[in-house]
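Heads up, the thing below is written out as structure tokens.
Here the structure is a predicted model, which is why all the values come from computation and not from measurement. The figures here come from the full heavy-atom set of this structure, side chains too, leaving out hydrogens, waters and symmetry mates. Throughout, protein chains are lettered first and strands after them, A, B, ... in sequence-line order, and every chain is numbered starting at 1.
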Protein chains: 2
Amino acid sequence: MPKTEIFNRENVLKQATEVFHTKGYNATSMQDLVDVTGLNRSSIYNSFESKHNLYLECLKLYENKYQRIISKVLLASNSPINAIKSLFNMYLKETLSDTKTKGCLIVNCKSEMANQNMAIQNFLLNNQKGTIELLEDLIEKGQKGESINKSKSKQEYALYLFSSMQGFRMTGILVNDKDQLQGLINTTLQNLK
Amino acid sequence: MPKTEIFNRENVLKQATEVFHTKGYNATSMQDLVDVTGLNRSSIYNSFESKHNLYLECLKLYENKYQRIISKVLLASNSPINAIKSLFNMYLKETLSDTKTKGCLIVNCKSEMANQNMAIQNFLLNNQKGTIELLEDLIEKGQKGESINKSKSKQEYALYLFSSMQGFRMTGILVNDKDQLQGLINTTLQNLK
DNA sequence: TTTTATTTGAAATGGACGTTTCAAAATTAT
DNA sequence: ATAATTTTGAAACGTCCATTTCAAATAAAA
């Protein structure tokens, strides 16, 4: 019977994600991935097929990680507007704790690869769709419960928040002051009240 | 006396910018630049020193181009709030006319290189400083003339708009519907009224 | 026309790239 | 132990990378 895979697949993906996140896809070499994972080159190809496929798996793991975090945030919130506030505060916390100022892996991926690779573009479109749907649900509830104003439709506010989140992630790359970023969140959410 | 440079420097920079903008810095090869400019490899090195320096010059040209466009927009506006609206509409126009959905060169640059290269980071910080100062001036005037509300300081609204612009540029990469993007602008600016 | 300085073309530099190969080591079930 | 099957290590694959080299072509000034 076969010798079984000895390494922890998810752990390897986390290590690879850290490199891709720090350097971007194109600036990350296979040697970087060998170094950071401690795996042999051929083991990586055996287990992940190609650099591109490994990157896609990193993206999916990153997406799942945030989906889990977001679910917790939503469950812990007592109102839709507070849920949205908590989402932004979660991104604020991530931004402040990121010593390498890497920004968001998915936003960076969109910037680097959305117009170059169809598999990536489809991942991004799907991610966008899911995020906007989640925001639409929150806004609909908030508007019904009167904690979010009705001067714009749920679709309009969802796109606004989706866009604001990307702006926040980009801004956080070169603005690391907590008060400024907290102010930015407050200003962004003032629009919904 | 010497044979003089035969090519148009600014034109070469425009051609190089188009490639860098489409593929990003790391995915653009010197061969790509040779192909698109029609120049010889050694002529490029003679005139632009290195790929990295050529990229920096492209960034500066791109920055200058938008500074000129923005100046015109500001001069043509009859109020600060309309000036801001025109700025966003200018970005909307750029987004819709960009068939390759490249986004903003400077936003993409920040995503790809801000945490990797100090010369680039300094350029980006300087660009950020200039943009925010311009927005602060507009907001100050708008708040004095009562077309922009005073519930936030000019610093807070300037950072909000700066962040919103980046979000808009990112969103425009995968959302190409004019009405949706126009709605996004309206929602963003509703916050100032 | 000759001198002088520069641009040009084409080839070469050495190294890094993503990926493949394959024998040797390792591990599990018989 | 032996057989079966996979992972591993190390080297090699061919290609492309950014950059350099240098002789030949060029063009303005003397």
Side-chain angles (χ1 to χ4, degrees), chain A residues 1-60 105 108-109 112-113 116-120 123, chain B residues 1-59 108-109 112-113 116-120 123:
Chain A
M1 269 294 171
K3 175 181 177 183
T4 48
E5 218 173 56
I6 210 167
F7 59 85
N8 180 303
R9 191 179 176 88
E10 189 172 317
N11 199 43
V12 167
L13 283 174
K14 278 183 190 168
Q15 294 168 319
T17 301
E18 173 69 16
V19 192
F20 281 132
H21 198 169
T22 304
K23 307 180 85 172
Y25 178 77
N26 286 295
T28 298
S29 72
M30 218 55 198
Q31 189 59 50
D32 290 332
L33 297 165
V34 167
D35 292 344
V36 79
T37 60
L39 289 187
N40 188 272
R41 213 173 293 277
S42 49
S43 301
I44 298 181
Y45 279 93
N46 251 336
S47 306
F48 301 100
E49 195 177 352
S50 67
K51 180 188 169 189
H52 187 263
N53 193 65
L54 173 56
Y55 181 65
L56 262 175
E57 292 211 33
C58 289
L59 284 176
K60 285 173 191 162
L105 177 65
N108 293 350
C109 170
E112 187 177 9
M113 308 184 77
Q116 296 290 307
N117 183 294
M118 272 302 159
I120 297 279
F123 168 84
Chain B
M1 272 293 170
K3 175 181 178 182
T4 48
E5 223 174 51
I6 209 167
F7 59 85
N8 180 304
R9 191 178 176 88
E10 190 172 317
N11 199 42
V12 166
L13 283 174
K14 279 183 189 166
Q15 294 167 320
T17 300
E18 173 70 15
V19 191
F20 280 132
H21 198 171
T22 304
K23 306 181 85 173
Y25 178 76
N26 286 295
T28 297
S29 72
M30 218 55 198
Q31 189 59 51
D32 290 331
L33 296 164
V34 167
D35 291 345
V36 78
T37 60
L39 288 188
N40 188 272
R41 213 173 293 277
S42 50
S43 301
I44 297 182
Y45 279 94
N46 251 336
S47 305
F48 300 101
E49 196 178 351
S50 66
K51 179 188 170 188
H52 187 262
N53 193 66
L54 173 56
Y55 181 65
L56 263 174
E57 291 212 35
C58 289
L59 284 176
N108 293 351
C109 170
E112 186 177 11
M113 308 185 78
Q116 295 290 307
N117 184 293
M118 273 301 159
I120 297 279
F123 168 85

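- The side chain of B:Tyr45 has D:dT20 as its nearest neighbour among C:dG18, C:dT8, D:dT20.
- Taking atom NZ of B:Lys51 as the reference point, atom P of C:dA16 lies 16 Å away to the nearest angstrom.
- Toward the 5' end of DNA chain C, the nearer of the two residues B:Leu39 and A:Asn26, judged by each one's closest nucleotide, is B:Leu39.
- Put simply, CG on A:Asn46 is 12 Å from C1' on C:dT21, counting in whole angstrom units.
- Rounded to whole Å, the distance from CG on A:Asn40 to C1' on C:dA24 is 13 Å.
- A donor-acceptor pair is defined here as one N or O able to donate and one able to accept, closer than 3.5 Å; no such pair exists between the side chain of B:Gln15 and the backbone of B:Leu33.
- Between B:Ser42 and the phosphate of C:dG9, there is no side-chain N or O to OP1/OP2 separation shorter than 4.0 Å.
- Nearest nucleotide to the side chain of B:Phe7, out of D:dT7, C:dT8, D:dC17: C:dT8.
- Between A:Leu54 atom CG and C:dT19 atom P there is a gap of 10 Å when expressed in whole angstrom units.
- For the residue pair B:Asp32/B:Ser29, the side-chain donor-acceptor check at 3.5 Å is satisfied.
- Taking only side-chain nitrogens and oxygens, A:Ser29 comes nearer than 4.0 Å to OP1 or OP2 of C:dC17.
- At whole-Å resolution of the value, CD in A:Gln31 and P in D:dA11 are 13 Å apart.
- One interatomic measurement links the two molecules: CZ of A:Arg41 to P of D:dA10, which rounds to 11 Å at whole-angstrom precision.
- Rounded to whole Å, the distance from CD on A:Glu49 to P on C:dT19 is 10 Å.
- Taking 4.5 Å as the limit, some side-chain heavy atom of A:Ile120 sits within range of a side-chain heavy atom of A:His52.
- Between the CG atom of B:Asn53 and the C1' atom of D:dT19 there is a distance of 14 Å, given to the nearest Å.
- Classified by interplanar angle (parallel below 30°, tilted 30° to 60°, perpendicular above 60°), the ring pair A:Tyr55/A:Tyr25 is tilted.
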